[in-house]
2 protein chains.
Amino acid sequence: MVTRTDHWLEKLKSTDGRVTDARRAVVDVIVSSPRPLTPVEIFDAARKKHLHLGLVSVYRTLEKLEELRLIQRVHQEQGCQAFLRAGVGHQHLLLCERCGQAVLFDGDDLESLFSRISQQTGFEIKDHWLQVSGVCAECK
Amino acid sequence: MVTRTDHWLEKLKSTDGRVTDARRAVVDVIVSSPRPLTPVEIFDAARKKHLHLGLVSVYRTLEKLEELRLIQRVHQEQGCQAFLRAGVGHQHLLLCERCGQAVLFDGDDLESLFSRISQQTGFEIKDHWLQVSGVCAECK
DNA sequence: CTACTATTGATAATGTTTTTCAATTATAGG
DNA sequence: CCTATAATTGAAAAACATTATCAATAGTAG
Ligand SMILES: [Mn+2]
Ligand SMILES: [Mn+2]
Ligand SMILES: [Zn+2]
Ligand SMILES: [Zn+2]
């Protein structure tokens, strides 16, 4: 059975990267987390799998994974240094305010909003960024 | 003529705060900036008005102004430590990718999107966050 | 003018991310 | 399997960003 961890490591390998214990541990932690994690959180969790992992390697792996678009940075009030697996295609993030659980959704249609803003401001709209928060079914 | 700077300083005063040269300088810089600024950028600009301003006072003033909801933190790819005057009521941000100019717009209607997401995920939607970027009329 | 207390800036402390570097290790090719 | 090569590692130091401490200063009410 090919896990998502394996898939990510393959992606790394196919871009001149190597598969190491440090990376395996970091990827494993991110892949199996239902919520965004900070570098230190990832470090603490991954150290249980790879004892003398360095925090530097977490940062370096995050950088690689972000380049490969396998993870995304999550912006929150308390700070913006948390990372989460990336969605496929065009998706946005829905976060539970209580437990932090993240869900990716798609199918937003903002075109009419954008064309109106474009007319009013003279801007040519290139990109957008939407994040929704609330309380998940379990936390309600 | 009552400037926006004066208005902000009055707000500060009315919540047990004092009007000082340091604050006047910081507020002036933010109020007259068309784009989000980082603490250090604010520091550099404000120092021209108040020579021996300390960077600490910039941080402290930012904290106060954020509490009073006169400014908002702006999240961007390159980092999330930039601040901008806050909008009135429910508004969202439109940023120019070239010059950084910020425009606040309102009148987004995301209710139907939210009710659909809510049904699909079981979440109770509480809040959302939308930011749009593009190229402004001058930069086109 | 005075008393009171919020605010200041210098300094130190803390926290986060990046750089440097020599040692180690994954991997391709023989 | 062995070897050469270059990517990766972790320790340590450096760089950067933010926050806490504290004695001196200055805004404000009265
Ligand atoms: Mn979208
Ligand atoms: Mn809205
Ligand atoms: Zn929850
Ligand atoms: Zn522009």
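In what follows, chains carry the letters A, B, and so on, assigned in the order in which the sequence lines appear, proteins first and then strands, with residues in each chain numbered from 1. What you see below is based on every heavy atom in this structure, not just the backbone, and it leaves out hydrogens, waters and symmetry mates.
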Kindly list each side-chain donor-acceptor pair under 3.5 angstrom involving residues 23-41 of chain B, sequence neighbours excluded, with atom names and distances?
unit_1	atom_1	unit_2	atom_2	d
B/R23	NH1	B/R18	O	2.9
B/D28	OD1	B/T5	OG1	2.7
B/S32	OG	B/D28	O	2.7
B/S33	OG	B/R35	N	3.2
B/S33	OG	B/R35	O	2.5
B/T38	OG1	B/E41	N	3.2
B/T38	OG1	B/E41	OE1	3.4
B/E41	OE1	B/T38	N	2.8

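- Distances from the side chain of B/R23 to the nucleotides D/dA20, C/dT7, D/dT8 place C/dT7 closest.
- With D/dT5, C/dT11, D/dT18 as the candidates, the nucleotide lying closest to the side chain of B/Q81 is D/dT18.
- A straight line from CG of B/L53 to P of C/dA10 spans 9 Å, rounded to a whole angstrom.
- Closest non-hydrogen pair, B/F105 versus B/L93, comes out as CE2-O, 3.8 Å.
- Between B/L94 atom CG and A/Q120 atom CD the span is 10.5 Å, to the nearest 0.5 Å.
- In the region residues 59-74 of chain B, proximity to DNA chain C at under 4.0 angstrom, judged on heavy atoms, holds for B/R60, B/K64.
- Along DNA chain D, the nucleotide nearest B/D21 and the nucleotide nearest B/P39 are compared for position; the residue whose nucleotide lies closer to the 5' end is B/P39.
- The side chain to side chain donor-acceptor pair (under 3.5 Å) test applied to A/D21 returns no partner, not counting sequence neighbours.
- If you measure from atom CG of A/L51 to atom C1' of D/dA11, you get 16 Å, rounded to the nearest angstrom.
- When rounded to the nearest whole Å, the span between CZ of A/F43 and P of C/dG15 equals 15 Å.
- A pairwise comparison of heavy atoms in A/G134 and B/F123 identifies C-CD2, 4.2 Å as the closest pair.
- Phosphate contact (OP1/OP2 of C/dT25, side-chain N/O of A/T20, threshold under 4.0 Å): absent.
- For B/V2 against B/H7, the heavy-atom pair with the smallest separation is CG1-N, 4.4 Å.
- At the heavy-atom level, A/V19 lies under 4.0 Å from the strands shown only through sugar-phosphate atoms.
- Residue B/R18 has its side chain nearest to C/dC4 when only C/dC4, D/dA12, D/dA20 are considered.
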Expected list for residues 47-56 of chain A: side-chain donor-acceptor pairs under 3.5 angstrom, two or more places apart:
unit_1	atom_1	unit_2	atom_2	d
A/R47	NH2	A/D44	OD1	3.3

For residues 69-81 of chain B, tabulate all N or O donor-acceptor pairs below 3.5 Å that involve a side-chain atom, not counting sequence neighbours.
unit_1	atom_1	unit_2	atom_2	d
B/Q72	NE2	B/R85	O	3.2
B/R73	NH1	B/C80	O	3.2

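- When rounded to the nearest whole Å, the span between CZ of A/R47 and P of D/dT9 equals 16 Å.
- Proximity of residues 7-17 of chain B to DNA chain C (heavy atom under 4.0 angstrom from any strand atom) is restricted to B/D16, B/G17.
- Residue A/H50 places at least one side-chain N or O closer than 4.0 Å to OP1 or OP2 of D/dG10.
- Checking the phosphate oxygens (OP1, OP2) of D/dA11, no side-chain nitrogen or oxygen of A/H52 falls inside 4.0 Å.
- Taking both residues in full, the closest heavy atoms of B/V132 and A/F114 are given as CG2-CE2, 3.7 Å, listed atom of the first, atom of the second, then distance.
- At D/dG10, one or more side-chain N or O atoms of A/S57 fall inside 4.0 Å of OP1 or OP2 (strictly under the cut-off).
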